[in-house]
Q: 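The structure is given below, and queries will be raised subsequently.
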Amino acid sequence: MTILDGKATALKLQSDIKIKVEEHLDSGGKRPHLCAVLVGEDGASQAYVGNKIRACERVGFTSSLVKLSAEISESVLIEKIESINKDSDIDGVIVQLPLPSHINESNITKTINPNKDVDGFHPYNVGKMNLGWDTYLPATPFGIIKLLEAYDIDTAGKHCVVLGRSNIVGRPMSILMARKASPGNCTVTLCHSRTKDIESYTKQADIVIVALGKPEWLKAHMIKDGAIIIDVGISRVDDSTAKRGYRLKGDVHFEGVSSKASYITPVPGGVGPMTVTALLLNTLEAAKQKEAVAL
Ligand code: GUN
C-alpha cells in the first residue's frame, strides 16, 4: 500500500510555481495577485483561507484578504466583487464557500469575472470544463488529478466511483475522471444521498473518491482489494484529549481501508494541500493569460 502524500507533492509543485513566478518577473511580468473574499467568522473557512494566503506568500504571489461581516447583504457583496473585477492589479479572485444562508451562491459565482475565476465556479468556466475545453478547473478535483499524475497512476479503463454530487467536488470530479485525458478515461459512477445500495458500487470500484463530509464513513468491507482511495472529507470531530479540542477526520476509516487499498490519501496531508496548490496553478495561469491579452 502506498500513501499518496499530498503534502510532499504540493510542496514540490509549489517550488516549481515559485520558479515560474521568478521567470515571469524576469521577463517583465507582474507578480500574480490572488484576492480571497471571506464572509463571516466560520472557523473552518478562516483556516482554509489562511492556508491559501500562506501558500501565496510561499510561492511569491501577492495576496489580499477581504473580510466581510456575515450580515452583509447580497447586493453589497456583489458590488464588492464588481470592484475587484475592475481592479487591474488582481489576477484571480475566490469567494470562500459556504456563504451565509441569506446570500444566493449562484448570484455570487456568476458575478465573478470568468477570466479571474480561479475557482472555476462561474457557469462559463463550468460549461467549458464540461465540453473538455481548456479552462480553470475547480481546485479540489484539479488537485486530485495532479496527485494521480504525480504518482503516475494509470486510470484508463478503470471504474471510478465518486461519492457526493456537490458543484465544488463530486460533479466536476466525475466529469474529469471520465474525460478523454490522462488521468481520466475512466468509467464513472456518481453516487449520492439517494443512491440505493451504495456498497454494491464501492465494492466494484477500482478507484473510490469520497466527498460526503461524513467522518470515517467508508469502511474496509465496502471496497475491493487493491482499490485506489481518495479521501476528500475533512471534518472536525470533538476530542477533549486533542490540543484544539477536535481532531480532523476524513470520510474514510483509514486504519481499516488502508489495509486493503493499493493507494490511499491521508487526512490531513492528502487532498487538502493539493487543493491549495491547484488554486495557485490557476492563479499563475490567470496572471499569464492577462498579460498575453494585454500584449
Ligand atoms: N469551500 C470549500 N471548498 C472550496 C473551494 O475550493 N473554493 C471556495 N471558494 N470555497 C470552498
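Counting convention: from 1, in listed order, for ligands and their atoms alike.
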Q: Mind checking salt bridge (Lys or Arg N to Asp or Glu O under 4.0 Å) for Asp87 and listing every partner two or more places apart, or none if nothing turns up?
A: none

Q: Determine whether Lys249 and Val267 make a side-chain contact, defined as any pair of heavy atoms from C-beta on separated by less than 4.5 Å.
A: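 No. Closest side-chain heavy atoms not under 4.5 Å.
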
Q: Just checking, is any N or O donor in the side chain of Glu74 or Asn107 under 3.5 Å from an acceptor N or O on the other one?
A: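 Yes, because at least one side-chain N or O of Glu74 sits under 3.5 Å from a partner of the opposite role on Asn107.
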
Q: Could you point out which residue of Ser63, Ser64, Ser88 forms a side chain to side chain donor-acceptor pair (under 3.5 Å) with His33?
A: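 Single side chain to side chain donor-acceptor pair (under 3.5 Å) partner of His33 among Ser63, Ser64, Ser88: Ser64.
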
Q: Between the protein and ligand 1, are there any N or O atom pairs that come within less than 3.5 Å of each other, and if so, what are their names and distances?
A:
{"unit_1": "ligand 1", "atom_1": "1 (N)", "unit_2": "Gln96", "atom_2": "NE2", "d": "3.3"}
{"unit_1": "ligand 1", "atom_1": "1 (N)", "unit_2": "Leu97", "atom_2": "O", "d": "2.9"}
{"unit_1": "ligand 1", "atom_1": "7 (N)", "unit_2": "Asp119", "atom_2": "OD1", "d": "3.1"}
{"unit_1": "ligand 1", "atom_1": "7 (N)", "unit_2": "Asp119", "atom_2": "OD2", "d": "3.3"}
{"unit_1": "ligand 1", "atom_1": "9 (N)", "unit_2": "Val95", "atom_2": "O", "d": "2.8"}
{"unit_1": "ligand 1", "atom_1": "9 (N)", "unit_2": "Asp119", "atom_2": "OD2", "d": "2.6"}
{"unit_1": "ligand 1", "atom_1": "10 (N)", "unit_2": "Leu97", "atom_2": "N", "d": "3.0"}

Q: Is a salt bridge present between Asp91 and Lys288, judged by a nitrogen-to-oxygen distance below 4.0 Å?
A: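 Salt bridge between Asp91 and Lys288, a charged N being under 4.0 Å from a carboxylate O: no.
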
Q: Are Thr265 and Asp231 close enough that a side-chain donor and a side-chain acceptor fall under 3.5 Å?
A: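 Asp231 and Thr265 do not have a side-chain donor-acceptor pair below 3.5 Å.
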
